Amino acid sequence: MIEINTDRAKQFIAEDDFNQAYKQAEKAFKLVQQGRGEGSEWLGWRELLADPNDAVLEQIDSLATAIREKADVFIVCGIGGSYLGARAVIEALSSFFGSDGPEIIFAGHQMSGKYLKDLVDYLEEPNNDDEPKSVFLNVISKSGTTLETALSFRVLRKWMTKKYPGDVDDRIICTTSEEGGALNELIDEHGYKKFIIPYDIGGRFSVLTPVGLFPIAVGGIDIRTLFYEAVSKYEELEEDPGQVLEYATAKFALFNKGKTLDVITTFEPQLQALGGWLQQLLGESEGKQGKGMFPATATYSTDLHSIGQFIQQGSRNMMETFITVKSADKSVTIEKLPGDHDGLNYLSGLTFHEINTQAFKGTLQAHTNGDVPSIVVSLDKLNAQHVGEFIYFYELLTAVYCYCLGVNPFDQPGVEDYKREMYQLLGKN
Ligand code: PA5
């Protein structure tokens, strides 16, 4: 279960302003539910949950299981919505160090030649049994033309073709649109296995399609639980959207009060990538027409020792979103030290998780005292169940909140601007 607490946002909002914003949120939710808002041709992320397709889950699971048995390394080649969701879930639900499945490496999400060269050098190194590494690659691109992904795929495909002359085509799996785009031409030519990205789901809303689910399954995570918990959350919020309305209202009312920055933060370092997914989901959806809050991300307590000063006492244009986890499945207990040389015996018997929780509570209070309104989102535990719930909650919240702002949540016209300038400099016809 996830819980939303807006108390520390509401104390900064006048009751009338909150009530006004709440009415706007109710209207916005209806626009989503009835498919009447701007960009409503992009609501496939809801239909996916309203009418689950078990055959696709089955297909994803069986290919992922086969790859988990054969691969030393699984490369996920994609950018933006084509990789952030998978990375978020895999990092949230995996060990920090090592795993019993293939090592998952992300590529195609930037244009560092050094990164690619280092990657290829690493792939050339033998595995732990001193044998050549077995590498599989999942290229993910809805358009099939995104430069960062396409260029990296070029390099990696060439390396794989040379390395695995007998079965390279079985090692490359493409996730792309049903038809059109350069990737589909390659699929036709080489017979690569293919997963389809539904035409009515944009990148940042696609984590519960094969875009996210296939790499997540290769990461050994139970995608059925993840997916069906999102389905349950969808059903719950269709019946009673209260949680989403409360959150969207608080955020919208704070925006109306001049808050232009949302620091999305967590005390759990394994949720750093989930913050990155949220940053894209919110940022690319709301940042239009001179509106929206810039979604910054921070990981505490690490970043309390860097930007914590600014958050406590800098420009007062920000709110904060805390993503917290109530109980940890693993932690370390502080033991009593003879002599108490570091003066920390007063903490003996406590776990790191318990101490971290007090650090969260203390920070929350300090930042509230420093006039930073906040919303607290709590997951009972870090598992596929709660993360599935969390994903759909935020997808819906994003759509509802964007309609409150009066912007289309599903397009990203501004992203084209840098591409146009870049392609001109690169001499593209
Ligand atoms: O959310 C989005 O739409 C974007 O971030 C895209 O996912 C990203 O630009 C990658 O696009 P594509 O999948 O077409 O390569």
Side-chain angles (χ1 to χ4, degrees), residues 38-46 48 75-89 106-111 137-157 172-187 192 194-216 273-288 292 294-295 297 391-392 394-399 401-402 407-423 428:
E38 208 186 342
S40 60
E41 64 277 23
W42 294 100
L43 288 172
W45 49 278
R46 283 168 51 78
L48 192 75
I75 301 174
V76 180
C77 186
I79 194 167
S82 286
Y83 95 107
L84 285 165
R87 193 184 70 174
V89 177
F106 294 94
H109 56 299
Q110 22 84 342
M111 284 190 279
L137 183 148
N138 179 204
V139 57
I140 310 172
S141 179
K142 192 172 180 196
S143 61
T145 57
T146 302
L147 191 63
E148 292 87 340
T149 304
L151 283 180
S152 302
F153 182 48
R154 238 186 206 222
V155 172
L156 293 168
R157 194 165 71 93
I172 294 176
I173 302 98
C174 303
T175 307
T176 189
S177 303
E178 189 159 13
E179 51 194 32
L183 264 184
N184 273 313
E185 281 178 31
L186 282 177
I187 292 165
Y192 297 144
K194 170 179 169 179
F195 289 113
I196 293 172
I197 309 177
Y199 71 94
D200 53 359
I201 303 181
R204 59 190 175 274
F205 286 84
S206 69
V207 55
L208 296 172
T209 74
V211 169
L213 293 180
F214 180 51
I216 291 168
L274 196 68
W277 173 76
L278 263 183
Q279 182 175 49
Q280 187 210 7
L281 182 66
L282 286 162
E284 223 169 28
S285 301
E286 70 178 288
K288 289 159 202 168
F294 179 81
T297 55
I391 288 171
Y392 179 70
Y394 264 105
E395 288 179 343
L396 182 62
L397 177 273
T398 300
Y401 162 64
C402 285
V407 300
N408 179 349
F410 308 114
D411 64 358
Q412 53 282 328
V415 178
E416 296 312 313
D417 290 4
Y418 101 87
K419 290 187 188 168
R420 201 169 35 249
E421 298 289 341
M422 171 183 73
Y423 283 129
K428 186 181 178 185

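Ligands are counted one by one from 1 in listed order, and the atoms in each one are counted from 1 as well. Everything numeric here is computed off the predicted structure, so don't read it as measured data. Below, each value reflects all heavy atoms present in this structure, side chains not excepted, and no hydrogens, waters or symmetry copies.
Two rings, from F410 and W42, have their centers 6.0 Å or more apart.
In terms of protein heavy-atom proximity, atom 10 (C) of ligand 1 is nearest to I79 O, 3.3 Å. Remark: minimum distance from atom 5 (O) of ligand 1 to any protein heavy atom is reached at Q280 NE2, 2.6 Å. Looking only at heavy atoms of the protein, atom 12 (P) of ligand 1 is closest to T146 OG1, 3.3 Å. Summary of contacts: the protein heavy atom closest to atom 2 (C) of ligand 1 is E284 OE1, 3.5 Å.
In summary, the atoms of ligand 1 found under 4.0 Å from a heavy atom of G203, numbered by their order in the structure, are 1 (O), 2 (C), 3 (O), 7 (O). Less than 4.0 angstrom separates some heavy atom of S141 from each of these atoms of ligand 1: 12 (P), 13 (O), 14 (O), 15 (O). Close contacts of ligand 1 with R204, meaning ligand atoms under 4.0 Å from a residue heavy atom, involve 1 (O), 2 (C). Shown in contact with G80 at under 4.0 Å from a heavy atom are these atoms of ligand 1, numbered in order with element: 5 (O).
Counting heavy atoms only, S143 comes closest to atom 14 (O) of ligand 1 of the residues G81, S143, G181.
Crowding of E179 atom CD: a count of heavy atoms from other residues, nucleotides or ligands under 6.0 Å not exceeding 12.
Scored by the ring-ring contact (aromatic ring centres under 6.0 Å, His included) test, Y83 finds F106, H109 as partners (sequence neighbours excluded). Checked against salt bridge (Lys or Arg N to Asp or Glu O under 4.0 Å), D200 has no partners two or more places apart in sequence or in another chain.
E178 and Y199 share no side-chain donor-acceptor pair at under 3.5 Å.
At least one N/O-N/O distance between S82 and ligand 1 falls below 3.5 Å.
For the pair S141/L183, a side-chain contact is recorded, criterion being any heavy-atom separation below 4.5 Å from C-beta on.
Of the listed residues (T175, I196, L48), just one forms a side-chain contact (heavy atoms from CB on, under 4.5 Å) with T209, and that residue is L48.
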